[in-house]
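Take a look at the structure set out below.
We name chains A, B, ... by the order of the sequence lines, and we start the count at 1 in each one. In what follows, every heavy atom counts, from backbone to side chain, and hydrogens, waters and symmetry copies are set aside. The shown structure was predicted, so the numbers you read here are calculated from the model rather than taken from an experiment.
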2 protein chains.
Amino acid sequence: MLSIGTLAKRTGAKVQTIRYYEQIGLMPEPGRTEGGQRRYGNAGLDRLAFIRHSRELGFSLEAIRELLDLSDSPERSCAQIDAVAQRQLQEVEARITRLKALRIELQRMLSECSADRVADCRILEVLRDHEECLSNHDGTGI
Amino acid sequence: MLSIGTLAKRTGAKVQTIRYYEQIGLMPEPGRTEGGQRRYGNAGLDRLAFIRHSRELGFSLEAIRELLDLSDSPERSCAQIDAVAQRQLQEVEARITRLKALRIELQRMLSECSADRVADCRILEVLRDHEECLSNHDGTGI
DNA sequence: CTGATTGCTACAGCCATTGTAGATTTCGTC
DNA sequence: GACGAAATCTACAATGGCTGTAGCAATCAG
């Protein structure tokens with residue numbers, strides 16, 4: 001049987017994070033020693049590894065909860081799992097698009113400023129006045 | 001004189017957000033009516049617009065605080081302002097790099113799964129087993 | 001057996017808001 | 001001036017996804 005610290009080491013999660021996952025019902029309550037310490041089996045380790053790997057790929061805890069629920073019905077169609085992953089891909093793509101617009105704006109801001117004094121700094125001017133921006137970067141999907 | 005709701009409409013910030021900025025010292029305490037409601041001048045409006053626009057470009061409130069402090073000394077060199085913007089650009093670039101790696105992984109996952117049953121779903125397999133990934137997407141800089 | 005390490009609970013804090021409840025003030029209209 | 005709708009006020013809780021802390025208790029190696 002594995003202690004919580006062992007699970008933490010093997011998956012890269014912090015001990016508190018594992019307890020947090022248990023608290024929100026993402027990890028099941030494990031068995032305990034006589035002294036009250038958590039002891040996990042391989043199922044616990046696998047589940048935590050699944051959660052951590054999904055987090056690394058950017059899935060929200062809610063999405064992961066959905067995936068875990070779906071994986072409990074192996075005979076069902078995997079269309080829903082596909083949909084969750086598809087949604088995640090779309091979110092990632094949206095974020096990339098937005099960040100690229102920001103990058104362009106920041107680059108332009110930086111390239112335009114060759115002032116010495118703060119008073120003449122183009123960067124501050126651009127930040128003061130949205131109209132000077134090329135894209136609208138209107139905050140949708142930060 | 002402008003009410004907090006007017007500032008909100010003009011800048012796109014929520015009323016509560018403006019009060020929050022005041023609470024953390026990013027917006028100054030404005031004058032009040034006899035009845036205790038906030039009233040702003042143009043300086044307040046400009047400052048809020050600066051904050052919102054900087055937020056839209058992804059600057060943290062701490063970075064914005066720094067920029068606002070720096071802009072109060074117009075005779076100083078604007079090298080520090082440049083550095084803040086440069087730092088922000090680097091962060092944006094790092095996030096783009098990371099998201100691109102995630103995108104590739106998600107795309108590959110999706111393209112590989114053509115199963116019908118959850119039991120055979122490649123997506124779940126990949127999520128279960130990090131080893132199946134090409135990149136390491138090790139969580140540095142989510 | 002002892003001391004270091006690890007684990008326990010309960011709670012607070014992080015960022016940047018957003019939402020809520022219940023009271024008060026302001027504004028437009030009559 | 002009176003009325004009612006809209007806006008504003010304070011104070012506090014919640015969001016997501018953890019992370020850190022304090023003050024104990026249990027476990028493990030030597």
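As a whole-Å value, the separation of A:Ile4 CD1 from D:dA26 P is 17 Å. As rounded to whole Å, 13 Å separates atom P of C:dT17 from atom CD of B:Gln23. In this structure, A:Glu34 atom CD and D:dC28 atom P are separated by 12 Å, rounded to whole Å. The distance from atom CD1 of B:Ile24 to atom P of C:dG13 is 16 Å, rounded to the nearest whole Å. Computed from coordinates, the B:Leu48 CG to C:dA16 P distance equals 15 Å when rounded to whole Å. One interatomic measurement links the two molecules: CD1 of A:Ile18 to P of D:dG17, which rounds to 17 Å at whole-angstrom precision. The CD-P distance, from B:Glu22 to C:dA16, rounds to 18 Å in whole Å.
If you check every strand for non-hydrogen atoms under 4.0 Å, B:Tyr21 touches sugar and phosphate atoms only. Heavy atoms of A:Arg38 sit under 4.0 angstrom from primed sugar atoms or phosphate atoms, though from no base atom.
In the displayed structure, B:Asp116 atom CG is contacted under 6.0 Å by at most 12 heavy atoms of other residues, nucleotides or ligands.
At a cut-off of 3.5 Å, with distance as the only test, a side-chain donor of A:Arg52 or A:Tyr21 sits close to an acceptor on the other residue.
Salt bridge status for B:Arg65 with B:Glu62: present, with a side-chain N to carboxylate O gap under 4.0 Å. A salt bridge between A:Glu22 and A:Arg19 is absent, with no side-chain N of the basic residue lying under 4.0 Å from a carboxylate O of the acidic one. Taking a cutoff of 4.0 Å between a charged side-chain nitrogen and a carboxylate oxygen, B:Glu125 and B:Arg122 qualify as a salt bridge.
Listed candidates were D:dT27, C:dG19, D:dT19. Nearest to the side chain of A:Lys14 is D:dT19. The nucleotide whose nearest atom lies closest to any side-chain atom of B:Tyr20 is, among C:dA16, D:dC18, D:dT8, C:dA16. Distances were taken from every side-chain heavy atom of A:Lys9 (C-beta onward) to each of D:dC28, C:dT6, C:dT17; the shortest belongs to C:dT6.
A:Arg55 has a side-chain polar atom (N or O) that falls below the 4.0 Å cut-off from OP1 or OP2 of D:dC18. The side chain of B:Thr17 places no N or O atom within less than 4.0 Å of a non-bridging phosphate oxygen (OP1 or OP2) of C:dA16. In this structure, A:Thr33 reaches the D:dT27 phosphate: one of its side-chain N or O atoms is under 4.0 Å from OP1 or OP2. Taking 4.0 angstrom as the limit, B:Arg32 places a side-chain polar atom (N or O) nearer than this to OP1 or OP2 of D:dT10. When the side-chain nitrogen and oxygen atoms of B:Ser60 are compared with OP1 and OP2 of C:dC15, none of them lie within a distance under 4.0 Å.
Judged by closest nucleotide on DNA chain C, B:Leu61 is the one of B:Leu61 and B:Gln37 placed further toward the 5' end. Mapping B:Thr6 and A:Arg52 onto DNA chain D by nearest heavy atom places B:Thr6 closer to the 5' end of the strand. The nearest heavy atom of DNA chain D to A:Arg19 and to A:Arg39 marks one nucleotide each, and the one closer to the 5' end goes with A:Arg19.
Under 3.5 Å, the side chain of B:Gln16 and the base of C:dG19 form at least one donor-acceptor pair of N or O atoms.
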